[in-house]
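Reckoned from all heavy atoms, side chains included, excluding hydrogens, waters and symmetry mates. To find a chain, count down the sequence lines: A is the first, B the second, and so on, and within it residues start at 1.
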There are 2 protein chains.
Amino acid sequence: MISRATADIEQVRRFNRTVARRIGVINDRFLGRGRPFGESRALFEIGTDGIEVRELRIRLGLDSGYMSRLLRALEKDGLIKTTATPGDARVRYASLTPKGQKEWNEIDRRSDDVATSILAPLDERRREDLLSAMARIERLLRASSVMIAAEPADSPTAQWCLQQYFDLLNARFDGGYNPANAQPADAHDFTPPKGVFLIARATGEPVGCGALKSAGPGIGEIKRVWVAESARGLGIGQRLLEELEEAALGFGQKCIRLDTNRSLTEAGALYRKNGYREVPAFNDDPYPDHWFEKVLG
Amino acid sequence: MISRATADIEQVRRFNRTVARRIGVINDRFLGRGRPFGESRALFEIGTDGIEVRELRIRLGLDSGYMSRLLRALEKDGLIKTTATPGDARVRYASLTPKGQKEWNEIDRRSDDVATSILAPLDERRREDLLSAMARIERLLRASSVMIAAEPADSPTAQWCLQQYFDLLNARFDGGYNPANAQPADAHDFTPPKGVFLIARATGEPVGCGALKSAGPGIGEIKRVWVAESARGLGIGQRLLEELEEAALGFGQKCIRLDTNRSLTEAGALYRKNGYREVPAFNDDPYPDHWFEKVLG
DNA sequence: ATATTTATCTGACTAAAGTCAGAGAATGAT
DNA sequence: ATCATTCTCTGACTTTAGTCAGATAAATAT
């Protein structure tokens, strides 16, 4: 008997093979335009707006020597020019010449042709079916590539996430939100061994955060749970919560509490679903109107 | 305003990018095991059962000289051995040594790991959603890669398709089917400028056929419409029918007729959907019990 | 029996992709 | 002011991938 998990894995592998073949093959060679693939790729990434060479190197994952040579080749063909960046003369900035822009448009058109060639043979119904399945796959692959990791709460990324969180509260709450009026909690509170600050990232971009601090012996408090608008519905909140609880157990916190506001409907639902039960107010913060607690284990 | 078609194309391109990144990257390098990618691919394709070198070359699409060198390299590493095939000493047969089998298992395991790493971060509901979308995409990409082309009706592939068709009739009809009792129609009838024989192929494999012959001045007759079991529901019958009608117009046939049997339910539905209307019997063939006609244009 | 075709192999290439060790200029840290 | 770091560039490589023109042996066609 083939187990459920085995069949699932087989399905994923089959998908990988089919799609890699159908897309990879067409893409790679078809888009080449006689030019080495590496050059085309670089040209395409430089794009209409240009790009810092440093950034380009990271995106394509190339050795700096190799990158330099690629750019030299494109330059010699009159497709791009490189200039120093205003702020930092070490960093070079690559941008398309008019000739390069033409070439770029051609690559772009071919990309469209590839897409069209996939859709063309299908009738309306199947086409829509394919498109909706593609949208779903994209979204779910995005979800599956989200990584959650602890980071210092005072790191620039963490600060950025917090700002997003505060902006959200400010938009949702009647009368806005001002962190100065709320219970203070600084980076120190969200640092092991008493707390932690988690950041969820999708392909490098931060898309969510969540924090844990101590609220007395054996008690943890969850704060700052935020998921970017663009990444809602991917189960990131759930995963953050699970990881926060795990961290709490690691710190010996057997009880977790948190507060929230009724305008944060998704958060309320998440907590209830995960076995948090409502308790009387345990603080007199001006913003929360619901208080929850859960005993772990 | 962005047109509907443009948005669709954008969706396909976005999908291609996402999938190529998430799967392509992991697959290619992660599965490499320090070995050149070409060698790994060959090793994997040789697989547990071994394979004829000829077949392997076709599958990987490699030059025979290059293929030979790849095999020599794998042989030198003690991963495979090659022997002559019993029937034909020109053809070499490549198979894994025990060491090669171990290596193969490792690649296989890594493939599983890649699949698992995609599924693992998702909860049950999203996992199922992803898997079903993958199955759908696979199927629809298969449909979109089906090519229809005219071929001589006496080619081996055409003969093979016809045999499949007759086998199907034989299985479906009460009392079976014997082409000798039916109206004769030979390769000559299905040849331009009076007829044509179309074959639908998916990645090289024939998955359907359909034929057109003349049935008098300005009248065409469609025969031998068959779609492989494994390729039903992909719209191939519809596409064959459309291309046959187009061919008929090209031959100046303004009226098309055809006969069928009630046991071929899909065919009947297809004809009705495409505007064929039932007419009195126009032949006394023993097998058909429904006769259709359509005026083109 | 001879010619042709098929499958593989070898040698001699080329192009593309990528690595590594510095060098040099600009910037940031102390 | 000095030192370390960052970013790019150059030269000198290697590896991978692939092509092309025969050579060879076995099988097939005439």
Taking only side-chain N and O atoms of B/R57, does any of them lie within less than 4.0 angstrom of OP1 or OP2 on C/dA7?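 Checking C/dA7 against B/R57, no side-chain N or O comes under 4.0 Å of OP1 or OP2.
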Using a cut-off of less than 4.0 Å, is there contact between a side-chain N or O of B/R72 and OP1 or OP2 of C/dT8?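 Answer no for this pair, as no side-chain N or O of B/R72 is under 4.0 Å from OP1 or OP2.
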Do [X] and [Y] sit within salt-bridge range, that is, some charged N less than 4.0 Å from a carboxylate O?
X      : Y     : value
A/R35  : A/D77 : yes
A/R69  : A/D63 : no
B/R41  : B/E45 : no
A/E103 : A/K99 : no

Any chance you could list the contact pattern along nucleotides 24-30 of chain C? Use B for base contacts, S for sugar-phosphate-only contacts and - for none, protein heavy atoms under 4.0 Å, 5' to 3'. --BS---
Whole angstroms only, please: what is the [atom1]-[atom2] distance between [X] and [N]?
X     : N      : atom1 : atom2 : answer
A/E75 : D/dT8  : CD    : C1'   : 12 Å
B/F37 : C/dA17 : CZ    : C1'   : 15 Å
A/L71 : D/dT10 : CG    : P     : 11 Å
B/L56 : C/dA7  : CG    : C1'   : 13 Å
A/I58 : D/dC7  : CD1   : C1'   : 11 Å
A/E55 : D/dT8  : CD    : C1'   : 16 Å
A/E52 : D/dT8  : CD    : P     : 8 Å
B/R92 : D/dA25 : CZ    : P     : 13 Å

Grab the two heavy atoms, one from A/I107 and one from A/S40, that are nearest each other, plus how far apart they are.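 So the two residues come closest at CD1-O, 4.1 Å.
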Of the non-hydrogen atoms in B/P206 and B/R201, which two are nearest, and what is the gap between them?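 Shortest heavy-atom contact: CA-CG, 4.1 Å.
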Take A/L70 and B/R69, find for each the nucleotide of DNA chain C with the closest heavy atom, and name the residue whose nucleotide sits nearer the 5' end.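 Closer to the 5' end of DNA chain C: B/R69.
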For residues 59-68 of chain A, which residues have at least one heavy atom under 4.0 Å from DNA chain D?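 Those residues are A/S64, A/G65, A/S68.
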Return the CG to CG distance between B/L74 and B/L43, rounded to the nearest 0.5 Å.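 Here the rounded value is 5.5 Å.
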Of all residues at least two apart in sequence or in a different chain, which pass the salt bridge (charged side-chain N to carboxylate O under 4.0 Å, His left out) check with B/R139?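 With sequence neighbours excluded, B/R139 shows a salt bridge (charged side-chain N to carboxylate O under 4.0 Å, His left out) to no residue whatsoever.
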After noting the C-alpha distance and the side-chain angles of A/E106 and A/K102, does the key distance pass the salt bridge (charged side-chain N to carboxylate O under 4.0 Å, His left out) rule? CA-CA 6 Å; A/E106 179 61 22; A/K102 253 194 194 162; over 6 Å; no
